Amino acid sequence: MKYDQARWTDDGDERYEPLLSEKANREVEVEDSPLPDDLTRDSLELPDPAEPELARHYTRLSQMNYGVENGPFPLGSCTMKYNPSFTEDVSRRAEAAVHPDRPDSTVQGTLALCHRLQDYLGRIGGMDAVTLQPPAGAAGEFTGIQIAKAYHQHNDDERSEVVIPDSAHGTNFATAAMAGYDVVELPSGDDGRVDPEALEAAVGEETAALMLTNPNTLGLFERDIERIADVVHDAGGLLYYDGANLNALLGRARPGDMGFDVMHYNVHKTFATPHGGGGPGAGPVGVTDELAQFLPDPHVQSSKGGYEYYTPDHSIGKVHGFYGNWPVLLKTFAYVTRLGDAGLADASAKAVLNANYLAEQIPYEVPFGPFHHEFVASASPQDAADAAKRMLDHGVHPPTTKWPEIVDEALMTEPTEAESKRSLDQLAAAFSAVHDEDDETLASAPERTAAGRIDQVEAARNPRLSWQALDSET
Amino acid sequence: MSFDVPEDLRYLESHEWVRVDDGTARVGITDFAQDELGDVVFVELPDEGEELTAGDEFGVVESIKAVSDVYAPVSGTVTGVNEALFDDPELVNEDPFGEGWMVELELADEDELDALLSPDAYRDQIA
Amino acid sequence: MSERDVSPTGSPYAPHTPAETAAMLDAIGVDDVEALFDVPDAVAFDGDFGIDAHGERETRREAVRLLRRNDDLTEFLGRGHYDHYVPSVVDDLSKRSEFLTSYTQYQPEVAQGFLQALFEYQSMLVELTGLGVANCSMYDAATALGEAATLSQRVRSVSGDRILVPEHLRDGKRAVLENYADGPDLSVESYPMADGQADVDALAETADEDVAMVYAETPSVRGVVAERLADVGDVTDDHDALFCLGSDPVALSLLERPADVGADVVVGDAASLGIGTAYGFGLGMFVTREEYLRQVPGRLVGASDDADGRRAYTLTLQTREQHIRKERATSNICTNQAWVALRTAMHAAWLGPQGLVDLAEECVTRARDLAAELDDVVGLQAPVHDGHHFREFVAHTDQPARAVVEDLAARGYAVHAVDEHLIQVCTTEVTAAEEEAFVEAVAEVAA
């Protein structure tokens, strides 16, 4: 398979043209405004395309962008599965377009739907109560760790450390630090999993929580999860589940049953809400009964004949100015309702099947297993980043590269359930083709994309982050 | 791949070098360290007058994908800072032991030098 | 269709036929897909969720059935979440799957389109604020404010732990700020308002060397355009504190530039362009001075060149971020609101500079005129605060505010009860055609 991405440029002119249109920015004076002059700006200079120009500009930009509908997107850890079209329609219903300052009694539909989704997510994760407020996975982590902190403070048991395996997502470390905790990094065992003995040595009376991803970022199930839970709980700490890989386990295992006290769900991974070029997502947080009193304010509960907001007794307060990323939650509701038990379980089955099949078909070594929905191959002796760039020329999006660091020149690969056997065979062919190419070819890739290899060093040494910065150069 | 390890310097395990000349210690990172980091895009250094104790983090070197702290091999007061690195961080890659130097310290205790690695010991470490 | 596994036992979005599934299992060397799950029996889940599967049409119908329980009210509501008309072209273009289903631009060579759009978004914010660096999104105004407070700890040369915020501030915004302030042990304190805007004299009195950041808004949560922002800037300068200004892109199209009043950071909800009413779904704007570049939270798009020497865009300065710097990152943010930023930029471009200025002026005149009309209603005085208003204003009701709100809801209108006898009314071009009927309804309930 080969791929040529559209490459819209303006070759004849070195000057940057903001909207790829005939028109440049236009500056208008602000005068005779209804405000006194000393409260207004003097002028405003912004793009001023007519609607047809605007449409063409953004259509061209879209042609220089690769999404899930363009081809395979096996980006490990990110779960780039197909985003069902109809969920977009559901999220845009006029009935859903309500203002957050409405009294509860006038938004019973919104509350009913939120209540239903809280319930669904609770069942899927094996948790007793779920908040929908966190607007992303990392915001969910922050919520969960603030809940853990509130729990310890409530018990007059201030603790100072959060333990995190070295294979964890960077967000875990940053979240713990944001919440004011010291991070204790736990080295992975030889099998790529948490070593319970190392864990025992790392936890103690300062341990507020262990943050764990299961299956972990190598796709491996933490088989010792029961012992891990005991070690942490015996030390008085809580067990936090990073839901990044929950899509591997739907219907096979639930964090609540594994002993986790608090978790977040990445709806843009597990429940197929679109990634939107980086967001929005949503990061609902589930907790045990004991922790429900600390959930963010407000929380939805059923009341006489309807639903109402209330403030949990020892709420941590708020993590979003309003109620979170509502349209994303609507899409989540639509996806879960569409698939139901059987569909969710099958999504995990096919995701795991696809990862295992793809791993069999590619020529790169996969050092750890048995893995689930993703695997980490080693590109060594090739440079993983170069190999990835070359895959772009073969019409596929490459895996996540050089992470986790436990695998040399890592190619972290997650095909998702959305790829057919034929598509996986094409994907494997792209891996094989790149595997057989020489370093020089890889280093000069890509050549069939909208841009050639981009100079990252120049971008960082000489940061130009706006038109204005480009202008001031010339 | 072989890396330059000049004979007239002392080294830290964390890949800093120090050159002492008449009570002044000049400090930078090694050829090996710059190669590991890749293209350096940003260097953060302390202000003149700052007091450093051996082992203190005194600066940061960044490439595109990595961040590395830089440690003081010896104790002393910062008397010079290589401001050229702010505009041309690539000097760290191009000439790590020369124009890519980072700070100069007024050496507080010459005996501290004895605790540092010799060129041979450092060569063994990176071999 | 017949061969595809679309029975009630499957995901409609997994394309495998039974024959393909069998061939794949065979290639792997197992009989059953369950053999691929390495889950110990003790923690295996053998129950079910009790969630029924539905067809697409049934799912839509169920969602709509629930949502129809929302009352159909004409909303004169604002306080940080605003309804401006979003043109169809923004919806259509932003829904293109190449945008909507793409990922964060870690492979910039195949993501030039989104990167350029985000670069344009950043540039628009730079123009609107006069400050040098805009990131390409935080979650919402409240979390952006929280991030600004933590920024103050990283850039302020003297240590200080007091964050001063206006007495009149949306509760939710303050509550989020308190959570962000909790980790670094900052103390969030109020300073008084005078007639709906910052009481600068009282602010100056409470400010001291322990102040790390002062937050002010224009327009304020009560819709009042701040008139003494430069004085706030002087107070923060005097104490080496950050001046964080809250606003939004529509207001900034008309109001004095934040850079000109000494603001160091501008935060706010930029989804006032591009989204419309969406139950608080927003877009955190974060713009700051170039000197704080290395301390900015979130993603930044920069210009560079590709191998052919052409202009190209890429995420840059990523060493600030969690995936590289881990516990020393400037923030834990990863997933952001990039797609909302795309829509905001599209909407701003659709309006153009004159359209933006016109819209902002309409926000001033419409609030002024509606307040004047309501002031003529018996039992109601508006606006309560002197000064200029933007989109919204507070009115005094002789009747209890709650009763007025309920009586208006019964007549199909939503307004906000601020206090026992204060209501808040917000209007934009979207509610323009309803204003007259609204005033009549208020007249019926206010006396």
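Chain naming here is simple, since letters A, B, ... match the order of the sequence lines and numbering starts at 1 in each. In this text, all values refer to a predicted model and were calculated from it rather than measured experimentally.
- The most heavy-atom pairs under 4.5 Å with chain A, out of C/Val89, C/Val340, C/Leu300, come from C/Val89.
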query: Can C/Leu128 and A/Leu44 be said to form a side-chain contact (heavy atoms from CB on, under 4.5 Å), step by step?
result: CA-CA 7 Å; C/Leu128 285 167; A/Leu44 183 64; 3.7 Å; yes
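- When C/Thr277, C/Asn179, C/Asp171 are compared by the number of non-hydrogen pairs under 4.5 Å with chain A, C/Asn179 comes out ahead.
- Under 3.5 Å, the side chains of C/Glu20 and A/Ser420 contain no donor-acceptor pair of N or O atoms.
- For a residue to count as touching a neighbouring chain, one of its non-hydrogen atoms must lie under 4.5 Å from one of that chain's; by this rule A/Asn325 touches chain C with backbone and side chain alike.
- Using a 4.5 Å cut-off between heavy atoms, C/Val30 does not touch chain A at all.
- The part of A/Ser105 that comes within reach of chain C is its backbone (N, CA, C, O), which places non-hydrogen atoms under 4.5 angstrom from that chain.
- Residue contact with chain A, scored on non-hydrogen atoms closer than 4.5 Å, involves the backbone and the side chain of C/Ser253 alike.
- Annotation: maximal heavy-atom pairing with chain A below 4.5 Å, among C/His323, C/His388, C/Gln318, occurs at C/His388.
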task: List the steps and the verdict of side chain to side chain donor-acceptor pair (under 3.5 Å) for A/Thr110 and C/Asn70.
output: CA-CA 7 Å; A/Thr110 292; C/Asn70 285 342; 2.9 Å; yes
- prompt: Given the rule in the side chain to side chain donor-acceptor pair (under 3.5 Å) test, do A/His57 and C/Glu120 qualify, once you have shown the distances and angles that lead to the verdict?
  reply: CA-CA 12 Å; A/His57 172 61; C/Glu120 291 174 0; 3.1 Å; yes
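- Both the backbone and the side chain of A/Leu113 come within less than 4.5 Å of a heavy atom in chain C.
- A cation-pi arrangement, defined by a distance under 6.0 Å to the six-membered ring centre and an angle within 45 degrees of its axis, is absent between A/Arg123 and C/Phe49.
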field: Trace of the side chain to side chain donor-acceptor pair (under 3.5 Å) decision for A/Glu69 with C/Ser97
entry: CA-CA 6 Å; A/Glu69 291 183 16; C/Ser97 71; 3.2 Å; yes
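- For A/Glu419, the part sitting under 4.5 Å from any heavy atom of chain C is the backbone (N, CA, C, O) and nothing else.
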query: Checking salt bridge (Lys or Arg N to Asp or Glu O under 4.0 Å) for the pair C/Glu34/A/Arg252: CA distance, chi angles, key distance, verdict?
result: CA-CA 9 Å; C/Glu34 298 306 325; A/Arg252 307 305 186 300; 2.6 Å; yes
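- Note that CG of A/Asn356 and CG of C/Leu36 are 4.5 Å apart. Values are rounded to the nearest 0.5 Å.
- Between C/Phe99 and A/Tyr58, the angle of the ring planes goes over 60°, which puts this pair in the perpendicular group of the 30/60° scheme.
- Note on C/Thr143, C/Thr319, C/Asp305: by heavy-atom pairs under 4.5 Å with chain A, the leading option is C/Asp305.
- In this model, a donor atom of one side chain and an acceptor atom of the other lie less than 3.5 Å apart for A/Gln146 and C/Asp182.
- Here C/Asp306 does not pair with A/Arg453 in a salt bridge; the nearest charged N to carboxylate O distance is not below 4.0 Å.
- Only the side chain of A/Leu392 comes within contact range of chain C, judged by heavy atoms closer than 4.5 Å.
- Proximity to chain C (any heavy atom under 4.5 Å) is shown, for A/Glu45, by both the backbone and the side chain.
- Ranked by heavy-atom pairs under 4.5 Å with chain A, the list C/Ala329, C/Ala312, C/Ala111, C/Ala409 is led by C/Ala111.
- The residue among C/Gly78, C/Ala23, C/Ala63, C/Ala142 with the most heavy atom pairs within less than 4.5 Å of chain A is C/Gly78.
- Contacts between A/Val319 and chain C at a heavy-atom distance below 4.5 Å involve backbone atoms as well as side-chain atoms.
- The shortest side-chain heavy-atom distance between A/Arg254 and C/Val43 does not fall under the 4.5 Å cut-off.
- Using a 4.5 Å cut-off between heavy atoms, A/Leu220 does not touch chain C at all.
- Heavy-atom distances place no part of A/Tyr181 under 4.5 Å from chain C, backbone and side chain included.
- Heavy atoms of C/Arg328 lying under 4.5 Å from chain A are absent altogether.
- Side-chain contact of A/Thr106 with C/Asp71: a donor-acceptor pair under 3.5 Å is absent, judged by distance alone.
- Neither the backbone nor the side chain of A/Ala176 comes within less than 4.5 Å of any heavy atom of chain C.
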query: Where do C/Met124 and A/Leu46 land on the side-chain contact (heavy atoms from CB on, under 4.5 Å) test, with the steps shown first?
result: CA-CA 7 Å; C/Met124 289 173 182; A/Leu46 286 173; 3.8 Å; yes
Test log, rule side-chain contact (heavy atoms from CB on, under 4.5 Å), inputs C/Met24 and A/Leu424: CA-CA 10 Å; C/Met24 291 166 72; A/Leu424 292 170; 3.5 Å; yes
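- Across C/Ala27 and A/Gln361, no two heavy atoms sit closer than the pair CB-NE2, 4.0 Å.
- At distances below 3.5 Å, at least one donor-acceptor pair connects side-chain atoms of C/Ser123 with backbone N or O atoms of A/Trp467.
- Residue contact with chain C, scored on non-hydrogen atoms closer than 4.5 Å, involves the side chain of A/His372 exclusively.
- Each of A/Asp38, A/Leu39, A/Leu35 was scored for a side chain to side chain contact (heavy atoms under 4.5 Å, CB included) with C/Glu256, with one residue passing: A/Leu39.
- Residues A/Phe142 and C/Tyr180 bring their aromatic ring centres within 6.0 Å.
- C/Phe45 is not listed as a side-chain neighbour of A/Ile124, based on a closest heavy-atom distance of 4.5 Å or more.
- Remark: A/Glu95 does not engage C/Arg69 in a salt bridge, criterion side-chain N to carboxylate O under 4.0 Å.
- Side-chain contact annotation: C/His16 with A/Asn354, donor-acceptor N/O pair under 3.5 Å present.
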task: Please test C/Asp260 against A/Arg41 for salt bridge (Lys or Arg N to Asp or Glu O under 4.0 Å), starting from the C-alpha separation and ending with a verdict.
output: CA-CA 9 Å; C/Asp260 295 338; A/Arg41 58 191 300 142; over 6 Å; no
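- Proximity to chain C is limited to the side chain of A/Pro398, based on heavy atoms less than 4.5 angstrom apart.
- By the 4.5 Å heavy-atom criterion applied to side chains, A/His99 and C/Tyr279 are not counted as neighbours.
- Contact annotation for A/Arg93: only side-chain heavy atoms (C-beta onward) come within less than 4.5 Å of a heavy atom of chain C.
- Using a 4.5 Å cut-off between heavy atoms, A/Asn70 touches chain C through its side chain atoms alone.
- Panel note: side chain A/Asp346, backbone C/Ser11; a donor-acceptor pair is recorded below 3.5 Å.
- Looking only at distances, a side-chain donor or acceptor of C/Gln105 sits under 3.5 Å from a matching main-chain atom of A/Gly277.
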- request: Decide side-chain contact (heavy atoms from CB on, under 4.5 Å) for C/His81 and A/Phe322; before the verdict, give the C-alpha distance in whole Å, the side-chain angles of both, and the deciding distance to 0.1 Å.
  value: CA-CA 9 Å; C/His81 189 65; A/Phe322 301 96; 3.9 Å; yes
- prompt: Stepwise, does the salt bridge (Lys or Arg N to Asp or Glu O under 4.0 Å) test hold for A/Lys389 with C/Glu109?
  reply: CA-CA 8 Å; A/Lys389 295 294 183 205; C/Glu109 292 84 0; 2.7 Å; yes
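- Using a cutoff of 4.0 Å between basic side-chain nitrogens and carboxylate oxygens, A/Arg116 and C/Glu62 are scored as salt-bridged.
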